Amino acid sequence: MRILAIESSCDETAAAVVEDGRRIISNIIATQVEEHKLYGGVVPEIASRRHCESIVGVVDEALKQAQMKLADIDAAAVTYAPGLIGALLVGVNFAKGLAYAAGKPLIPVHHIKGHIAANYIAHPELEPPYICLVASGGHSQIMRVENYTKFSTIGRTMDDAAGEAFDKAARAMGFPYPGGLHIDKAAQNGDSKKYRLPRPHTANPYDFSFSGLKTNVINLVHNAEQKGEQLDIDSLAASFQYTVADILTSKFVAAANEHGYKTAALAGGVAANSGLRTMLERRCAESGIKLYIPPVALCGDNAAMIGSQAFYEYTEVGITADGRLNACATMPLN
Ligand code: KG4
Ligand code: ZN
């Protein structure tokens, strides 16, 4: 089954053709990041406008690179939640029109389920059940993936998502948006033990809290500025990255052990972080847990992951939508 998938939940306009949920035939991403960088973050109105301008070309290119016409695809899929409402609406309405015109089913996909499904593309042998750590710009969660379409929450962030904390701490350190990648690069040259940063406690040991850690970094930078002191930014980046990776890894591995999982996966934009990948790989191996991580190219927002999850939504539970499909800014995974 060949699915033409569309993703427009934030600042990437993306389209892909995916076969049977596991094989990418084409995968096109038009990023708006350079424009949002001018403002230090995503400007929702600009994002919607750029999606409108890009979507026709991006979908055309995905079909062209797949050497297919609309008639050759079996279904259309689209991210309908969660995300920026104006941005989501562009993809949703375009996909509705496309499915209607082509006379094909339309499959709505939850963005975070898509991030998790990126693992199916990269790892043909991965099948549920497993435990998944989702760390993106808007989400940080420990999930049970019970089957391809059923998820339940073990822990989640009480405040900021991990990616949000990376971006805000990065901004304080003087890096452009989106800062996660810049912290990752700077951390390579820094000493992760130089700055001691707080590890907030949570009532549920598998929940996260990153806002105190982020504020600590911001205060450190402001205090140094006021005193005219020079901070070692590479080491601050390394210390911050180490602390976030350590919090995510410790809680995730403990949750996997307590719930008896021997198979685990990582998903979301922060899964691209080299410190997190290395630490999680090592600690999962020490606990005898087989860990799956998507390649960096599939960690950030893309439509191939949406096409993958759409295949399972359609074939496992027959999920489809009609012209009444609406976009939702927020929606829980389960
Ligand atoms: O999943 P994603 O592309 O978008 C959302 O669904 O939110 O995640 C974007 C987030 C941003 O916060 C970005 O800074 C972070 O992922 N990110 C990273 C890295 N690459 C992207 N964070 C840390 N290290 C990276 N290498
Ligand atoms: Zn995302």
Side-chain angles (χ1 to χ4, degrees), residues 5-14 16 29-33 36-37 40-42 44 47 78-84 87-88 91 109-119 132-141 156-157 160-173 175-188 190 192 210-211 213-214 217 237-249 265-280 293-306 308-309 329-331 333:
I6 294 170
E7 152 67 39
S8 71
S9 67
C10 191
D11 57 350
E12 335 276 354
T13 318
I29 304 173
T31 182
Q32 312 170 354
V33 74
H36 296 294
K37 206 177 256 180
V42 178
V78 66
T79 305
Y80 76 107
L84 299 171
L88 285 165
V109 176
H110 188 290
H111 181 75
I112 299 299
K113 292 185 189 178
H115 271 300
I116 296 172
N119 281 289
C132 187
L133 173 62
V134 178
S136 73
H139 288 77
S140 295
Q141 272 167 282
R156 65 194 158 84
T157 184
D160 291 356
E164 192 181 349
F166 261 104
D167 293 342
K168 288 177 180 164
R171 196 205 297 222
M173 291 180 214
F175 295 118
Y177 171 84
L181 181 61
H182 295 280
I183 290 194
D184 198 343
K185 281 189 183 150
Q188 322 270 336
S192 63
F210 293 112
S211 101
L213 173 59
K214 167 202 73 185
V217 169
S239 304
F240 177 79
Q241 176 170 297
Y242 178 85
T243 309
V244 174
D246 192 30
I247 292 169
L248 289 169
T249 301
L266 177 62
V270 181
N273 185 264
S274 61
L276 176 62
R277 294 169 83 96
T278 310
M279 191 185 290
L280 205 54
I293 306 181
V296 170
L298 289 177
C299 289
D301 290 345
N302 65 85
M305 67 187 198
I306 303 303
S308 173
Q309 181 61 23
T330 57
M331 174 155 308
L333 241 182

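Indexing begins at 1, ligand by ligand and atom by atom, following the structure's order. From a predicted model like this one, the values you see are computed outputs, not experimental measurements. Below, all heavy atoms of this structure are taken into account, side chains as well, without hydrogens, waters or symmetry copies.
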_Identified side-chain hydrogen bond (donor to acceptor under 3.5 Å, both in side chains) partner of E7 from the options T13, N302, T79_ = T79
*Are V33 and Y177 side-chain neighbours, meaning at least one heavy-atom pair lies under 4.5 Å?*
yes
*asked:* Test of understanding: with ring pair (Phe, Tyr, Trp, His ring centres under 6.0 Å), list the residues that count as partners of H111, not counting sequence neighbours.
replied: H115
Numbered atoms and elements of ligand 1 in range of [X], under 4.0 angstrom, heavy atoms:
{"X": "G163", "value": "12 (O)"}
{"X": "G138", "value": "7 (O)"}
{"X": "G300", "value": "3 (O)"}

[atom]: nearest protein contact (heavy atom, Å):
{"atom": "atom 26 (N) of ligand 1", "value": "D184 OD2, 2.9 Å"}
{"atom": "atom 6 (O) of ligand 1", "value": "H111 NE2, 3.0 Å"}
{"atom": "atom 21 (C) of ligand 1", "value": "G269 O, 3.4 Å"}
{"atom": "atom 10 (C) of ligand 1", "value": "G137 N, 3.6 Å"}
{"atom": "atom 22 (N) of ligand 1", "value": "G180 CA, 3.4 Å"}
{"atom": "atom 2 (P) of ligand 1", "value": "D301 OD1, 3.5 Å"}

*asked:* Can you classify the ring geometry of F175 versus H182 as parallel (below 30°), tilted (30 to 60°) or perpendicular (above 60°)?
replied: parallel
*Select the closest option to atom 11 (C) of ligand 1 among I183, N273, V244, D167, judged by heavy-atom distance.*
D167
*Between the side chain of S140 and the main-chain N/O of A162, is any donor-acceptor distance below 3.5 Å?*
yes
*Judged by atom type as modelled, is there a donor-acceptor pair below 3.5 Å linking the side chain of T243 to the main-chain atoms of S239?*
yes
*Do other residues, nucleotides or ligands put more than 12 heavy atoms under 6.0 Å from R156 CZ?*
no
_Heavy atoms from other residues, nucleotides or ligands near NZ of K37 exceed 12 (cutoff 6.0 Å)_ = yes
*Which protein N, O or S atoms does the Zn ion (ligand 2) have within a distance shorter than 2.8 Å?*
H111 NE2, H115 NE2, D301 OD1
*Can you list the steps and then say if L276 with V244 is a side chain to side chain contact (heavy atoms under 4.5 Å, CB included)?*
CA-CA 8 Å; L276 176 62; V244 174; over 6 Å; no
_For a side chain to side chain contact (heavy atoms under 4.5 Å, CB included) check, start with the C-alpha distance between V78 and I306, then their side-chain angles and the critical distance, and finish with the verdict._
CA-CA 7 Å; V78 66; I306 303 303; 5.9 Å; no
*Is Q241 touching ligand 1 with its side chain, its backbone, both, or neither, if touching means heavy atoms under 4.0 Å apart?*
neither
*ring pair (Phe, Tyr, Trp, His ring centres under 6.0 Å) between F240 and F166, intermediate numbers included*: CA-CA 8 Å; F240 177 79; F166 261 104; 5.3 Å; yes
